[in-house]
Amino acid sequence: MGARVRVGATLLAGAVLLSGCGLGGGDTAGEDGGAPVEFTEQELAWEECESGLPGSECAVFEVPMDYDAPDGERIEIAVKRVPATGDEALGSLVVNPGGPGGSGYDFVDHSPYTVSEAVRANFDVVGFDPRGVGRSTPLTCLDTEEIDDLLGTDYGTGRGADDLADLSPEGLEQIEDTSRSFVEACEENAPDLMRNMGTADVARDMDLLRALLGDDRLTYLGASYGTHIGAQYAEQFPDRVRALVLDGAVDPSQDQLSVSVQQATGFETALRAFVEDCLGTAECPIGERGDTVEEGIANLEAFLDEVAVEPLDTATDDGRELNKARAELGVLAALYTESWWPRVREALTDAMEGGDGTGLLLLGDDLYGRGDRAEYENSTAALMAVNCSDSPAPRELEAYAEAAALAGEESPVFGPTLAWGALPCAFWPEEAVAPQAELNAAGADPIMVLGTTRDSATPYAWSEALADQLESGFLVTRDGDGHTGYRMGDDCVDEIVDGYLLELSVPEDGGVCAAALAG
């Protein structure tokens with residue numbers, strides 16, 4: 001499971017068309033924010049998927065582009081399911097891996113690893129590409145070369161205590177032009193879709209899917225940004241909640257720049273864990289056994305500053321070099337999961353000792369959806385569109401400079417870039433931005449929020465905050481590293497999640513996984 005930072009992510013998807021007539025189950029027919037009846041009368045025409053797990057089935061259904069104008073343009077949502085392995089399924093488990101821009105459609109193919117055997121035996125595992133993503137009607141803003149330029153932009157942020165937010169005049173002009181051009185490209189290619197990409201609409205699409213699947217209430221597993229989809233669903237449809245697992249939570253009460261600053265804290269915590277582990281290995285390119293974490297980070301920063309001045313060659317055939325921005329993306333890959341730490345160490349060794357930037361460049365490609373090395377999936381557009389639509393962002397450049405300075409104090413390596421990366425939201429159409437609000441989902445059955453203490457992309461404090469905001473929320477804690485908590489090697493956490501999904505069991509101790517905390 002994963003989340004993305006400010007500038008991009010997703011996986012491609014694929015589907016077949018559905019035909020009309022007959023609602024499989026559930027009764028949302030236009031009431032309480034549900035879809036109009038003509039949409040609930042669709043039927044999912046399941047067909048064998050072109051790729052994926054054996055036995056997986058694919059379909060497409062339609063939703064209104066704008067729920068306030070349901071008679072207007074329609075868009076398509078691609079969906080995939082893997083039938084339950086047991087004889088009698090309890091219903092469907094809808095899953096989402098995060099993003100924004102992550103493909104729930106493709107995530108289903110990973111269900112043997114991301115969902116327990118017991119859960120797979122009792123639920124059809126179902127994933128969909130949210131509106132604007134992958135095989136659903138996609139939002140496309142930039143081409144591959146333009147995304148390369150976006151992800152490879154060095155803005156000239158300094159590392160001194162007084163100049164973390166400083167940009168050269170050329171750097172300031174470049175980031176403003178790049179951000180404005182991104183929004184203008186979305187406006188030119190998909191003006192209506194970009195105005196209807198918010199998570200509240202994704203939640204309404206998911207409720208329509210629930211009804212078409214034949215489930216009276218929703219059972220859902222969402223990771224990272226996927227927790228926001230789940231929380232929005234509970235807010236709009238509290239009486240339709242069966243069980244929601246919100247793993248690695250996003251705090252919906254935060255605005256765009258607050259998210260940047262707090263996310264910087266999470267990445268700094270994860271970076272220190274990676275550096276400490278690296279210094280304990282026999283061959284660590286950023287230091288030796290006995291060095292302090294601070295010394296290791298200083299060596300890493302020195303390397304990043306060097307490639308900012310003199311980028312490294314790579315073995316790719318597209319002419320890209322490894323500059324500071326691309327090197328940071330490669331290192332960032334280590335902060336999502338411990339399983340990537342050896343690969344990042346190897347890539348740093350190649351770069352720092354052999355002058356070969358290929359490994360770090362390809363890590364960044366994997367992280368941001370350039371998996372086939374030829375072009376990006378459309379996740380960059382989806383991520384930015386959702387972020388900018390979900391909550392207000394300042395329109396003044398000075399606010400981003402102040403946030404960059406604050407984020408830089410929390411994380412000198414990643415903080416300033418995170419803050420400046422939100423700048424496209426300053427140019428997003430104001431009528432497309434949702435008002436800021438906490439979500440409490442009053443009246444919903446118990447909702448699980450699962451937080452990891454040293455989570456990189458979604459700080460543990462966000463899980464605490466969401467559990468507090470949700471009227472029926474309860475918190476389960478995984479004491480560990482990496483992003484998200486379920487199926488990450490902690491049996492205590494997995495047993496609690498499975499008991500909740502299968503039997504609706506809620507821990508009597510308030511949701512704290514005592515075994516995990518005890519180590």
Side-chain angles (χ1 to χ4, degrees), residues 2 4 9-20 24 35 39-65 67 73-83 92-111 114 124-140 189-190 192-194 196-199 201-215 218 220-223 225-226 229 233 369 371-372 375-383 385-386:
R4 309 292 187 212
T10 263
L11 306 169
L12 287 175
V16 292
L17 294 175
L18 60 93
S19 57
F39 291 93
T40 64
E41 290 180 344
Q42 297 177 88
E43 182 175 296
L44 293 172
W46 296 108
E47 296 186 9
E48 182 180 354
C49 298
E50 295 179 1
S51 62
L53 292 175
S56 59
E57 302 170 322
C58 292
V60 166
F61 63 100
E62 292 184 335
V63 299
M65 170 87 78
Y67 276 93
E73 186 176 353
R74 298 182 174 198
I75 57 177
E76 294 181 339
I77 304 296
V79 58
K80 176 186 282 189
R81 74 175 176 187
V82 177
S92 303
L93 171 66
V94 179
V95 297
N96 181 276
S103 172
Y105 184 106
D106 286 341
F107 190 55
V108 167
D109 293 331
H110 301 284
S111 58
T114 57
D124 298 333
V125 181
V126 178
F128 69 101
D129 279 356
R131 54 174 55 212
V133 172
R135 285 187 173 93
S136 296
T137 302
L139 175 70
T140 302
N189 292 338
D192 295 327
L193 184 54
M194 74 177 291
N196 292 279
M197 285 286 292
T199 303
D201 283 334
V202 176
R204 296 177 77 170
D205 297 342
M206 188 163 67
D207 188 60
L208 176 56
L209 173 60
R210 172 203 60 78
L212 297 177
L213 289 169
D215 294 335
L218 177 71
Y220 175 76
L221 170 63
Y225 161 73
I229 299 175
Y233 184 91
D372 63 1
E375 62 182 22
Y376 290 91
E377 293 108 10
N378 78 313
S379 56
T380 306
L383 181 145
V386 173

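- In terms of the side chain to side chain contact (heavy atoms under 4.5 Å, CB included) criterion, N189 has no residue partners (sequence neighbours excluded).
- In this structure, the separation between CG on L44 and SG on C58 is 11.5 Å, given to the nearest 0.5 Å.
- The shortest heavy-atom contact between A382 and V133 is CB-CG2, 3.7 Å.
- We find the CD1-CG distance between I75 and L193 to be 5.5 Å, quoted to the nearest 0.5 Å.
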Original post:
Does the side-chain contact (heavy atoms from CB on, under 4.5 Å) test come out yes or no for L208 and Q42, once each step is laid out?
Top reply: CA-CA 10 Å; L208 176 56; Q42 297 177 88; 4.0 Å; yes
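- Annotation: the span from M206 atom CE to L213 atom CG amounts to 11.0 Å, rounded to 0.5 Å.
- Taking the ring-ring contact (aromatic ring centres under 6.0 Å, His included) definition, one finds that F128 meets it with nothing, sequence neighbours left out.
- Here the closest non-hydrogen pair linking V108 and R81 is CG1-C, 4.3 Å.
- Atom OH of Y220 and atom CG of N96 lie 4.0 Å apart (nearest 0.5 Å).
- Between S103 and P97, the shortest heavy-atom distance links the atoms O-CG, 3.7 Å.
- Using a 4.0 Å cut-off between charged side-chain N and carboxylate O, R210 and D207 make a salt bridge.
- For D205, the side chain to side chain donor-acceptor pair (under 3.5 Å) partners two or more places apart in sequence, or in a different chain, are Y67, R131.
- A distance of 8.5 Å separates CD1 of I77 from CG of D129, quoted to the nearest 0.5 Å.
- A 4.5 Å side-chain heavy-atom check between V125 and F107 finds every atom pair outside the cut-off.
- Among residues two or more places apart in sequence or in another chain, the side chain to side chain contact (heavy atoms under 4.5 Å, CB included) test is passed with S56 by C49, K80, V82.
- The closest side-chain heavy-atom distance from P83 to E57 is below 4.5 Å.
- The two residues W46 and A59 have their closest heavy-atom pair at CE3-CB, 3.8 Å.
- Separation of atoms CE (M65) and CD (E76) is listed at 11.5 Å; rounding is to 0.5 Å.
- Here the shortest heavy-atom pairing between L218 and V94 reads CD1-CG2, 3.8 Å.
- At least one side-chain heavy atom of L209 sits less than 4.5 Å from a side-chain heavy atom of V126.
- Contact of the M194 side chain with the L139 side chain is registered, since non-hydrogen atoms from C-beta on lie closer than 4.5 Å.
- Minimum interatomic distance between N196 and D192 (heavy atoms only, all atoms of both residues): ND2-O, 2.9 Å.
- At a threshold of 4.5 Å between non-hydrogen side-chain atoms, the residues S111 and L53 count as touching.
- For the pair S136 (side chain) and A78 (backbone), a donor-acceptor distance under 3.5 Å is present.
- A donor-acceptor pair under 3.5 Å is absent between the side-chain atoms of T199 and the main chain of I229, judged by distance alone.
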